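Comments concern the structure below.
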Amino acid sequence: MRLSRSFVPTLKETPAEAQIVSHRLMLRAGLVRQTAAGIYAWLPAGFRVLQNIAAIVRAEQDAAGAQELLMPTIQPAELWRESGRYDDYGKEMLRLNDRHERDLVYGPTNEEMITDLFRQSVKSYRELPQIVYHIQWKFRDEVRPRFGVMRGREFLMKDAYSFDLDYEGAVVSYRRMMLAYMRTFRRMGLKAIPMQAESGPIGGNMSHEFIILAPTGESEVFYDAAFEEIDYSASGFDIFSPEDLARFVGLMTTHYAATDEKHEPGTWEKLAPERQRRGRGIEVGHIFYFGTKYSAAMGFTVAGADGRPVAPEMGSYGIGVSRLVGAVIEASHDEAGIIWPDAVAPFRAAILNLRQGDGTCDRLCEEIYAKLGLAALYDDREERAGVKFADADLMGHPWQIIVGPRGAAAGTVELKRRAGGERQELSLDSALARVL
RNA sequence: CGGGGCGUGGCGCAGCCUGGUCAGCGCGCGUGUUUUGGGUACACGAGGCCGCCGGUUCGAAUCCGGCCGCCCCGACCA
């Protein structure tokens, strides 16, 4: 994109409503704009990040054998009456009426709907197990939305649902998602730790939340240094091997990890002091096993091998996709702005033309831009060098290709790495090679 | 949902208590000159139903009432 013709409204000053860093930086870097309390519009650069994150989530879900589908945002109240949650869910659920006065809800989650879909068409044990997911907008009418995109009312969530014939199968599905989640967060450059959690309104008795470490996180977390050493991303674990999954989850759950509300000082103190780690964390994912809570309530059964009906065992698995955008920023920024991890950056590189209008600089920049295409944001504005430097740092592109009159004549550019800030004078070709 | 606060050009704010050239300042934006590798300087200029409705008054951004919106703290959550 050419910045001079892009809708990327950066701000020099911070709007008064933004308190935490990620919110401030998202507004300042022109990623989002607030439309109403807890409701945001994603502008071009922000939307790219959102899509990058969704793509990673999708890739890991697919790799775990989950099937992507897409369910509606609007759901009939009837389904929620069947499960009993129409009354239980409370005011957080947005309720609507259509022109015929039918009761509808804007989905805060999709257990009922997916159970309904499955019960219509899945009739035999031979069709299980299955895991399906979708990435869809949710609405939860939070009493107090805050922290920008981190706690919005409308948010993009990946929610997956597993159906298994029995408990043993459900446990395998649950573990598979745990591994997929750890790989997902790792790919975004985040350190995540699964922690024992309450299952809350979803119900069930096995639940973990995934906390990523960020200095500005909402809750304090305590964990064993062992989490820093587990190599779950490599070939060490086959996600389709129940044995590997058991081994993986064993590693994940035998070490101490707890948020402040579940922290047990007694157990904690038994851990060698040099292995004790504490920090702050943000919840970015949550997985639940809840057995037949919905299948039983909604009359979903399949014929078992003996011909008798069996209510499938279910689990659900959520990742806050839009929240992750904020979380990544919380985990990776400095005084100057965002420092995007390569995998989620809206642009791999910014091309800074320090002397717009200068024939040599312009030509060099155009050449670079032609080679990088959409991977680059070409700052071709008629602005001073300082403005371009400041905006590039703010927006946090992993690389900055700085083209100025000094080097341009000799055909060299300066390459700056946003994380770390190292700069290097390079030939055009070697700079491009580094960036790509 | 309890407690607190705020709505004045795109952003940050002053003005309100003590109604009357108070509609202003900084940034941003436009034009020109200047500068030319870290948000340059100067000049000129565009831009505001002072959140909305009603009331008090000769006169309301300013006082009163109602409504709407937004933010912060707490209890609750992907």
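First the proteins, then the strands, lettered A, B, ... as listed; each starts at 1. These numbers were taken from a predicted model, which means no experiment stands behind them. All values below come from the heavy atoms of this structure, side chains included, with hydrogens, waters and symmetry mates left out.
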Check: Quick one: does A:Arg140 reach the base of B:rC77 with a side-chain donor-acceptor pair under 3.5 Å?
Finding: no
Item checked: Qualifying ring-ring contact (aromatic ring centres under 6.0 Å, His included) pairs, either residue in residues 11-39 of chain A, two or more places apart -> A:His23-A:Tyr40
Pair up each side-chain donor or acceptor in residues 41-51 of chain A with any protein partner under 3.5 Å, not counting sequence neighbours, and list the distances.
from, atom 1, to, atom 2, distance (Å)
A:Arg48, NH1, A:Pro346, O, 2.6
A:Arg48, NH1, A:Leu374, O, 3.2
A:Arg48, NH2, A:Leu374, O, 3.2

Note to self: I'd like the P distance from B:rU8 over to B:rC70, given in whole Å.
What the structure shows: 14 Å
Notebook entry, point to check: Can you list every salt bridge (Lys or Arg N to Asp or Glu O under 4.0 Å) pair that touches residues 130-139 of chain A, not counting sequence neighbours?
Noted result: A:Lys138-A:Asp159
Next item on the list: Take atom C1' in B:rU57 and the same atom in B:rC64, then report the distance between them in whole Å.
Entry: 12 Å
Between N or O atoms, less than 3.5 Å apart, protein on one side and nucleotides 71-74 of chain B on the other: list the pairs.
from, atom 1, to, atom 2, distance (Å)
B:rC71, OP1, A:Gln34, OE1, 3.4
B:rC71, OP1, A:Gln34, NE2, 3.2
B:rC71, O3', A:Glu17, O, 3.3
B:rC73, OP2, A:Arg144, NH1, 3.4
B:rC73, OP2, A:Arg144, NH2, 2.1
B:rG74, N7, A:Arg144, NH1, 3.4

Checklist line | Euclidean distance for P, B:rU21 against B:rG59 (whole angstrom) | finding: 15 Å
Next item on the list: For nucleotides B:rG19 and B:rU31, find the distance between their C1' atoms and express it as a whole number of Å.
Entry: 40 Å
Check: Are the side chain of A:Arg348 and the backbone N or O of A:Val435 linked by a donor-acceptor pair below 3.5 Å?
Finding: yes
Checklist line | Those residues that, when tested against A:Ala170, pass side-chain contact (heavy atoms from CB on, under 4.5 Å) (two or more places apart) | finding: A:Asp164, A:Tyr289, A:Glu313
Next item on the list: Can you sort out the partners of A:Tyr317 under ring pair (Phe, Tyr, Trp, His ring centres under 6.0 Å), two or more places apart, ordered by chain and number?
Entry: none
Quiz: residues 68-77 of chain A side-chain donor-acceptor pairs under 3.5 angstrom, not counting sequence neighbours:
from, atom 1, to, atom 2, distance (Å)
A:Glu68, OE1, A:Arg58, NE, 2.8
A:Glu68, OE1, A:Tyr133, OH, 3.4
A:Glu68, OE2, A:Arg58, NE, 3.2
A:Glu68, OE2, A:Arg58, NH2, 3.1
A:Gln75, OE1, A:Trp80, NE1, 2.8
A:Gln75, NE2, A:Thr109, O, 3.1

Next item on the list: Determine which pairs satisfy side-chain hydrogen bond (donor to acceptor under 3.5 Å, both in side chains) with at least one residue from residues 248-257 of chain A, sequence neighbours left out, and list them in order.
Entry: A:Tyr256-A:His263
Checklist line | A:Gln196 and A:Lys262 side chains, donor-acceptor separation under 3.5 Å | finding: no
Note to self: Going by purine N1 to pyrimidine N3 plus the second Watson-Crick contact, or the G-U wobble pair, all under 3.5 Å, which nucleotide sits opposite B:rC27?
What the structure shows: B:rG10
Next item on the list: First locate atom CZ of A:Phe237, then atom CZ of A:Arg183, and finally report the distance between them rounded to the nearest 0.5 Å.
Entry: 8.5 Å
Item checked: Residues within residues 47-63 of chain A bordering RNA chain B, heavy-atom distance below 4.0 Å -> none
Notebook entry, point to check: When the P atoms of B:rG51 and B:rG15 are considered, how many whole Å apart are they?
Noted result: 15 Å
Next item on the list: Specify the separation, in whole Å, of atom CD of A:Glu92 and atom P of B:rC1.
Entry: 13 Å
Checklist line | A:Glu13 (side chain) and B:rG26 (base): donor-acceptor pair under 3.5 Å | finding: yes
Check: Mind checking what makes side-chain contact (heavy atoms from CB on, under 4.5 Å) contact with A:Asp334, not counting sequence neighbours?
Finding: A:Ala336, A:Ile339, A:Arg418
Notebook entry, point to check: Which whole number of Å gives the distance between the C1' atom of B:rG48 and that of B:rG12?
Noted result: 16 Å
Side-chain donor-acceptor pairs under 3.5 Å in residues 404-414 of chain A, sequence neighbours left out?
from, atom 1, to, atom 2, distance (Å)
A:Thr412, OG1, A:Gly407, O, 3.4
A:Thr412, OG1, A:Glu425, OE2, 2.9
A:Glu414, OE2, A:Arg423, NH1, 2.3

Item checked: Whole-angstrom distance between B:rG9 and B:rC49, as gauged at atom C1' -> 12 Å
Checklist line | C1' atoms of B:rC52 and B:rA60, separation to the nearest Å | finding: 16 Å
Could you list the protein-to-nucleotides 33-39 of chain B atom pairs, N/O on both sides, closer than 3.5 Å?
from, atom 1, to, atom 2, distance (Å)
B:rU35, O2, A:Arg384, NE, 3.2
B:rU36, O2', A:Arg355, NE, 3.2
B:rU36, O2', A:Arg355, NH2, 2.5
B:rG37, O2', A:Arg406, NH2, 2.9
B:rG37, N2, A:Glu414, OE1, 2.8
B:rG37, N2, A:Glu414, OE2, 2.9
B:rG38, O6, A:Arg423, NH2, 2.1
B:rG38, N1, A:Asp393, OD2, 3.2
B:rG38, N2, A:Asp393, OD2, 2.7
B:rG39, O2', A:Lys12, NZ, 2.9
B:rG39, N1, A:Asp391, OD1, 3.3

